[in-house]
Amino acid sequence: QEQLVESGGGSVQAGRSLKLTCTVSGFRYSPDCLAWFRQVPDKERDGVASIDGYSTYYAKFVEGRFTISLDNTETTLTLQMNSLKAEDTATYYCAARKSKYCYSYDWNIAGGFDLWGQGTQVTVSS
């Protein structure tokens, strides 16, 4: 069974760091594109960063602070979040799609992803 499971969320003070992990399992073939999204209540789900075998993409609001990475086995997706701000508070989701690489024009569109994790809460206090 294909599955994405996030971990690593929590509560931190502004300026500190957190690392989120997404365990990718059950895929016959590794997903073509993996991404992190985030969502706050009553808002749309926003793309944070994505990665495939060729490219990484970042939302402007996290550039220079967050780093996305994928291990060599393609089973652990990581989001290293540094210099956290109060506005980074959200539920963070891991997402995968199987039939298309990440592209600059659509990596951050939630509807383009096939599978989602359950989410992990990140709370940053100022």
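Both tests do not hold together for Arg38 against Tyr93: distance to the six-membered ring centre under 6.0 Å, angle to the ring axis within 45°.
The side-chain hydrogen bond (donor to acceptor under 3.5 Å, both in side chains) search around Gln3 returns none, not counting sequence neighbours. Under the side chain to side chain contact (heavy atoms under 4.5 Å, CB included) criterion, Thr75 pairs with Asp71, Thr73, not counting sequence neighbours. Partners of Tyr103 under the ring pair (Phe, Tyr, Trp, His ring centres under 6.0 Å) rule, at least two apart in sequence or in another chain, are Tyr105. Every residue meeting the side-chain hydrogen bond (donor to acceptor under 3.5 Å, both in side chains) condition with Thr123, not counting sequence neighbours, appears here in chain and number order: Gln121. For Phe37, the ring pair (Phe, Tyr, Trp, His ring centres under 6.0 Å) partners at least two apart in sequence or on another chain are Phe113, Trp116. Every ring pair (Phe, Tyr, Trp, His ring centres under 6.0 Å) that Tyr54 has, sequence neighbours left out, goes to Tyr101.
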Practice problem: With side chain to side chain donor-acceptor pair (under 3.5 Å) as the test, would you mind laying out the steps for Thr120 and Glu6 before giving the verdict? | Solution: CA-CA 6 Å; Thr120 186; Glu6 301 97 336; over 6 Å; no
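Side-chain contact of Ser30 with Glu74: a donor-acceptor pair under 3.5 Å is present, judged by distance alone.
Screening residues 35-79 for disulfide (SG to SG under 2.5 Å) gives no qualifying pairs among residues at least two apart or on separate chains. For the salt bridge (charged side-chain N to carboxylate O under 4.0 Å, His left out) condition, the pairs that include at least one residue of residues 98-115, sequence neighbours left out, are Glu2-Lys98, Arg97-Asp106, Lys100-Asp106. Identified under the disulfide (SG to SG under 2.5 Å) test for residues 85-126, with sequence neighbours left out: Cys22-Cys94, Cys33-Cys102. Residues in residues 12-29 take part in these side chain to side chain donor-acceptor pair (under 3.5 Å) pairs, two or more places apart or across chains: Ser17-Asn82.
Atom OG of Ser50 sits about 11.5 Å away from atom CD1 of Ile109, to the nearest 0.5 Å.
Looking at every heavy atom in both residues, Ser126 comes nearest to Ala14 through CA-CB, 4.1 Å.
Other members of the hydrophobic cluster containing Tyr58, listed by chain and number, are Leu4, Val12, Leu18, Leu20, Val24, Phe27, Leu34, Trp36, Val48, Ile51, Phe61, Val62, Phe66, Ile68, Leu70, Leu77, Leu79, Met81, Leu84, Tyr92, Leu115, Val122, Val124; membership follows side-chain contacts under 4.5 Å among ILVMFWY residues, whether direct or relayed. Annotation for Trp107: hydrophobic cluster partners, listed by chain and number, are Tyr57 (ILVMFWY side-chain heavy atoms under 4.5 Å, direct or chained).
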